[in-house]
Every structure is written in structure tokens, then in C-alpha cells.
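Any value given below was found using the heavy atoms of this structure, including those in side chains, with hydrogens, waters and symmetry copies removed. Chain A is the first sequence line, chain B the second, and so forth, proteins listed ahead of strands; every chain is numbered from 1. These figures come from a predicted structure and were not determined experimentally.
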Protein chains: 2
Amino acid sequence: MDNQLLSFTEENYLKIIYLLTERHNGNEVSTNQLAEHTQTKAASVSDMLRKLAEKNYINYRKYQGVTLTEAGEQIALGVIRKHRLWEVFLVEKLGFGWDEIHDIAEQLEHIDSKELTKRLDDFLENPKFDPHGDPIPDAKGKMPSVSYQKLSEIPLNQSVVMMGVSVHSPAFLQHLDKQQINLGCGLKVLEISDFDKSYSILLDGKTTIFVSNEVAKNLLVSIDE
Amino acid sequence: MDNQLLSFTEENYLKIIYLLTERHNGNEVSTNQLAEHTQTKAASVSDMLRKLAEKNYINYRKYQGVTLTEAGEQIALGVIRKHRLWEVFLVEKLGFGWDEIHDIAEQLEHIDSKELTKRLDDFLENPKFDPHGDPIPDAKGKMPSVSYQKLSEIPLNQSVVMMGVSVHSPAFLQHLDKQQINLGCGLKVLEISDFDKSYSILLDGKTTIFVSNEVAKNLLVSIDE
DNA sequence: ACAAAATTTTAGACTAATCTAAAAATATAT
DNA sequence: ATATATTTTTAGATTAGTCTAAAATTTTGT
């Protein structure tokens with residue numbers, strides 16, 4: 001209990017606004033998008049936006065959407081930091097699979113103790129990325145910038161390394177597990193089918209696997225140097 | 001999220017009812033006691049008791065007090081199990097002092113995931129006691145029975161081992177730290193002052209320390225065999 | 001034993017977060 | 001360009017948990 005300025009719910013809204021804004025390259029987030037991600041109705045979102053705007057956590061232009069203020073962004077980054085650190089804990093220390101951790105981390109991210117976060121970070125040896133490859137904001141609230149590309153945008157025969165995923169659903173992650181596609185593995189697109197846009201991929205320079213266009217769009221990679 | 005049957009608040013009431021009932025050797029807990037421990041007013045407690053009784057988690061006789069039903073006790077023991085496991089984690093893995101962990105564990109105890117609790121328990125190597133010496137209920141909801149005695153009830157010159165504390169306030173625990181009184185240390189009461197009932201104690205067979213009657217009443221020990 | 005004190009419950013109100021239904025604003029399509 | 005569709009906001013209601021003030025019950029002291 002360091003300074004419980006915001007409710008669990010308010011923290012959640014700010015976190016979701018941050019992640020959606022990021023996904024839309026800084027563009028405003030709409031009420032309906034928030035309703036979808038908070039599992040509530042648009043009317044409830046409007047109410048909460050009015051409240052968050054009053055407290056100066058968001059820039060809210062009615063009917064136009066919202067962005068975070070500096071204060072709102074710091075709250076969001078704090079929550080995201082805790083979420084991702086706990087995900088590392090769940091996988092590295094407790095042996096959970098990357099497909100099993102999201103719902104638990106959604107709860108743990110709201111635990112309020114600066115000292116706990118600091119000690120957890122040290123215990124985990126100050127990880128820079130979570131088990132899905134997402135970067136972990138530092139204690140000052142600074143999000144490391146990463147520049148991954150979608151596998152679907154990489155030219156044929158370019159060797160790349162698997163760095164992250166842009167979808168976190170258990171179904172997608174389990175699908176990758178079955179094909180042995182993990183963070184850090186080497187990938188090279190050999191061919192894209194004219195018929196269904198599916199990909200033939202050389203995995204770790206050894207085996208050839210096939211993935212759908214849908215999968216290729218959600219694999220984040222960087223050029224192998 | 002396994003089965004969030006109860007709210008955070010309801011879980012807290014059940015936990016507190018359990019602990020107070022235990023402290024009173026199974027006697028009913030009063031509304032005012034609950035108000036004190038939940039940091040609310042008696043009126044609020046009455047409302048909540050009506051609700052918990054309706055859901056069959058407590059036996060509630062108006063004006064007489066409450067005890068837990070079997071169902072209520074199982075919920076309470078589950079929360080206490082999580083609280084104490086997390087306390088072990090905070091001390092053993094993150095290096096917190098036993099005086100710093102209560103407020104954090106109060107939050108962590110409501111994290112809802114059977115699998116998490118199971119894996120945490122294994123990670124901690126299935127501890128039977130928390131850092132204050134309190135027993136940890138097992139996964140089936142069975143509380144181990146322990147029989148500690150207050151140091152103040154032990155005859156002079158009887159060697160005992162320090163097993164727990166009956167007060168968990170940071171001030172008390174820090175006071176014990178300063179005197180180097182830890183779980184597992186050996187104690188022998190040499191003399192009780194007629195003047196102020198303070199105790200001369202031989203610590204680990206080596207040094208003599210002095211503690212007040214108030215401290216002696218809150219040290220839980222067992223006979224050294 | 002019974003009046004006074006203490007405790008507990010009830011009544012009525014408030015806040016946070018949600019909902020449905022209706023109104024207002026914006027976007028779209030011919 | 002304007003009617004229609006979509007999105008967003010507002011209005012009014014609901015639930016959980018809390019509060020204060022007043023009423024009911026139990027305990028205590030002489």
C-alpha cells in the first residue's frame with residue numbers, strides 16, 4: 001500500500017488505453033474499442049472517461065476518443081511493468097507456460113507496493129522482456145523502444161529471429177508450441193503459397209514447417225545479423 | 001480466476017472471523033470485534049453478516065455473534081493458506097523482514113488461481129509454517145494443529161524453543177529483532193522481577209536479555225526436548 | 001430487579017461501477 | 001447533399017459496500 005490513488009478499475013482503463021494507443025501508433029482510442037476490451041458497455045466507458053478526464057489522467061474530446069496525459073501514462077506504465085514482471089516470475093520461477101499466465105498477471109498487476117516490485121525485479125535479475133517478448137518498462141516509467149517486424153513483411157529467404165507475438169490468446173500460443181515456434185528461434189520464409197498465402201518456413205535452419213498467413217502476421221521478428 | 005464465488009471483502013470477513021474465533025477458542029465473534037478488525041463501523045458489519053448468513057457461510061444469531069459454517073471455514077482457510085504461503089515467499093525469496101510483509105500479503109491472499117497456489121507451494125518446498133511461526137493449512141483446507149505455550153506460562157529454568165508470536169505488529173517484531181529474538185532460538189527464563197514482572201532470559205544458552213511481561217506474553221514457545 | 005450503559009440492528013443515504021433505453025453527434029452511402 | 005446508419009453520450013436505475021442516526025436488544029451495576 002504505497003499510494004492507492006486509483007481504483008483497480010481505473011488502473012485497468014489506463015492500462016488498456018495505453019496498449020490500444022500503442023497498437024494504433026499514437027492515435028486516439030474510441031469508446032467502443034474500450035468497451036470491447038474492458039468487457040463493458042459503451043455507456044459505462046463514457047462515464048469512466050469523464051471521470052478520468054476530470055482527474056487529468058486522459059485527454060478526452062467527446063465523440064473523438066482519448067489519449068493518456070503524462071500522469072495517466074505513468075500510471076499505465078507502472079501497471080504494465082508489474083504485469084510483465086509477474087509474467088516472467090510465473091514462467092521462469094513457477095514453470096507456467098506462456099499461454100497460461102495472462103489471467104493471473106491481470107490480478108497481480110494491481111498489487112500495490114513499490115518495494116515489492118523493486119525486489120521482484122531484482123529476484124528475476126532485472127529482465128528486459130516478458131515471456132511474450134514484450135519489453136518491460138523500467139522503474140522510472142520508461143518503456144524501452146523495440147523495433148520488431150511482422151514475419152509477413154520480411155522478404156523471402158531473409159534469416160530472422162523470433163522476438164515476440166502480437167496476439168496473446170492461449171489458442172494462438174498453444175498453436176505455436178505445437179509447431180515448436182519459440183522466442184529466439186531462427187526463421188526463414190522459403191515460399192508463400194499463391195493459393196492460400198500460407199508460408200513455408202525453415203525453422204532453426206533444420207526443419208520446414210507450414211503456417212497460415214494469419215500466424216505469419218502475428219509473429220514479430222528481427223533481422224538476424 | 002478459478003471460481004470467484006466471493007468478493008474480496010467477503011473473503012476478508014470470513015478470514016477475520018476464522019482468526020478471531022481461533023483466538024477465542026471457538027467462541028462466537030462479536031459485531032464490534034469485527035468492526036474493529038475490518039476497520040469499519042458496527043452497522044456495516046451487521047449488513048455484511050446478514051449477507052454472509054444468507055449465503056450460508058456463517059452461523060449468525062442476532063445480537064449473539066457468529067461462527068463459520070463448514071463452507072465458510074473452507075473459504076477462510078484457503079485465504080489464510082495463500083496469505084501465509086505468500087509471506088514465506090516474501091521472506092525466503094525476496095528477502096523482506098518479517099515485520100514488512102503483512103500488508104503485502106493482505107493483497108496477495110486474494111489472488112484467485114488454484115494452479116498458482118499449488119505451484120507457489122511447491123516452489124517454496126511445501127512449507128508448514130510462515131515467517132511468524134503460524135501453521136499453513138494444506139491444499140485440502142486442513143489446518144495443522146500446533147500446541148505452543150506462552151513464554152509467560154513456562155516455569156523458571158525450563159529450556160524452550162521460540163516457535164511463534166501472537167502479535168504481528170511491525171513495532172513488536174522490530175523490538176524482537178533488536179533483541180535478536182528469532183524463531184528457533186533457545187530461551188530459558190531465569191527470573192521474573194517482583195517489581196515490574198519483567199523477565200531475565202537466557203538466549204541460546206549464551207546471553208542474558210531482559211524483556212517486559214508484555215513481550216513474554218506474546219512469545220510462543222515449545223518445550224525443548 | 002430494574003435503570004442505565006453498552007452493544008447491535010435497522011433505516012435511510014452515499015459512492016463507485018455498472019446497466020438499458022433514449023437522445024445527440026458523427027460517419028457513410030447513394 | 002442529405003437521409004440513414006453507426007457511434008457516443010446522457011438519463012435514470014441497480015448493486016456492493018460503506019456511513020450516520022435512531023431504534024432495539026442485551027448487559028451491568030447497585
Side-chain angles (χ1 to χ4, degrees), chain A residues 1 3-17 20-21 24 27-68 72 75-76 79 106-107 109-110 112, chain B residues 1 3-17 20-21 24 27-68 72 75-76 79 106-107 109-110 112:
Chain A
M1 277 74 152
N3 45 1
Q4 189 63 294
L5 311 136
L6 291 100
S7 69
F8 185 105
T9 310
E10 289 170 318
E11 282 192 354
N12 250 322
Y13 271 90
L14 295 177
K15 174 193 67 176
I16 293 169
I17 293 168
L20 290 177
T21 308
H24 300 30
N27 287 323
E28 286 174 323
V29 177
S30 75
T31 300
N32 263 356
Q33 282 166 359
L34 286 171
E36 194 181 313
H37 285 83
T38 53
Q39 321 249 57
T40 64
K41 296 301 160 73
S44 310
V45 174
S46 279
D47 268 359
M48 182 56 87
L49 294 183
R50 189 182 33 63
K51 190 169 127 192
L52 290 173
E54 244 163 47
K55 296 189 183 182
N56 284 110
Y57 291 118
I58 61 173
N59 306 114
Y60 178 33
R61 300 188 304 135
K62 277 186 190 172
Y63 295 100
Q64 305 303 308
V66 292
T67 57
L68 294 177
I75 302 285
V79 175
E106 287 286 299
Q107 299 179 65
E109 72 189 7
H110 301 288
D112 178 32
Chain B
M1 277 72 155
N3 45 1
Q4 190 61 296
L5 310 135
L6 292 100
S7 70
F8 185 104
T9 309
E10 289 171 318
E11 283 192 352
N12 249 323
Y13 272 90
L14 295 177
K15 175 193 67 175
I16 293 169
I17 294 167
L20 289 177
T21 308
H24 302 27
N27 287 324
E28 286 174 324
V29 177
S30 75
T31 299
N32 263 355
Q33 282 167 358
L34 286 171
E36 194 181 314
H37 285 83
T38 54
Q39 320 249 59
T40 63
K41 297 299 161 74
S44 311
V45 173
S46 279
D47 269 0
M48 181 57 85
L49 293 183
R50 190 183 30 66
K51 190 169 125 193
L52 290 172
E54 243 163 48
K55 296 189 182 180
N56 283 110
Y57 291 117
I58 61 174
N59 306 116
Y60 177 35
R61 299 188 303 134
K62 278 186 191 171
Y63 295 99
Q64 306 304 307
V66 292
T67 56
L68 294 177
I75 302 285
V79 174
E106 287 286 299
Q107 299 179 65
E109 73 190 6
H110 301 288
D112 178 31

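Salt bridge status for A:K41 with A:E36: absent, with no side-chain N to carboxylate O gap under 4.0 Å.
Within the 4.0 Å cut-off from OP1 or OP2 of C:dA16, not a single side-chain nitrogen or oxygen of A:Y13 is found. Between B:Y63 and C:dA6 there is no side-chain polar atom (N or O) within less than 4.0 angstrom of OP1 or OP2. Contact annotation: B:S30 side-chain N/O to C:dT7 OP1/OP2 distance is not under 4.0 Å. Of the side-chain N and O atoms in A:N32, none sit less than 4.0 angstrom from OP1 or OP2 of D:dT6.
The CG atom of B:L34 sits 11.5 Å away from atom OG of B:S44, with the distance rounded to the nearest 0.5 Å.
By the neighbour-count criterion of 12 heavy atoms within 6.0 Å, atom NZ of A:K55 is densely surrounded, having more than that number from other residues, nucleotides or ligands.
Contact of the B:K15 side chain with the B:E109 side chain is registered, since non-hydrogen atoms from C-beta on lie closer than 4.5 Å.
In this entry the distance linking CZ of B:R61 with P of D:dT26 reads 10 Å, nearest Å. Between A:L6 atom CG and C:dA16 atom P the separation is 12 Å, expressed in whole Å. One atom, NZ of B:K62, and another, P of D:dT26, lie 11 Å apart when rounded to the nearest Å. Straight-line distance from the NZ atom of B:K55 to the P atom of D:dT15: 13 Å, rounded to whole Å. Residue B:L34 contributes atom CG, which lies 10 Å from atom P of C:dT9 at whole-angstrom precision. One can place CD of A:E11 at 16 Å from P of C:dA16, the figure rounded to the nearest angstrom. One interatomic measurement links the two molecules: CG of A:N12 to P of C:dT18, which rounds to 9 Å at whole-angstrom precision. For the pair B:L49 CG and C:dT7 P, the interatomic distance rounds to 16 Å; values are reported in whole Å.
Near DNA chain C, meaning a heavy atom under 4.0 Å away, the residues from residues 35-47 of chain A are A:T40, A:K41, A:A43, A:S44, A:D47.
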Go through it in stages, so that I can follow the logic: the residues are B:Y13 and B:V66, the test is side-chain contact (heavy atoms from CB on, under 4.5 Å), and I'd like the CA-CA distance, side-chain angles, deciding distance and then a yes or no. CA-CA 11 Å; B:Y13 272 90; B:V66 292; over 6 Å; no
Pair A:Q33-A:H24, side chain to side chain donor-acceptor pair (under 3.5 Å): steps then yes or no: CA-CA 11 Å; A:Q33 282 166 359; A:H24 300 30; 3.2 Å; yes
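Residue A:F8 is classed as having no contact, given no heavy-atom separation below 4.0 Å to the nucleic acid.
Checking D:dT8, C:dT26, D:dT18 against every side-chain atom of B:T9, the shortest atom distance belongs to D:dT18.
The minimum heavy-atom distance between A:A76 and A:L68, with the atom names listed, is CB-CD1, 4.0 Å.
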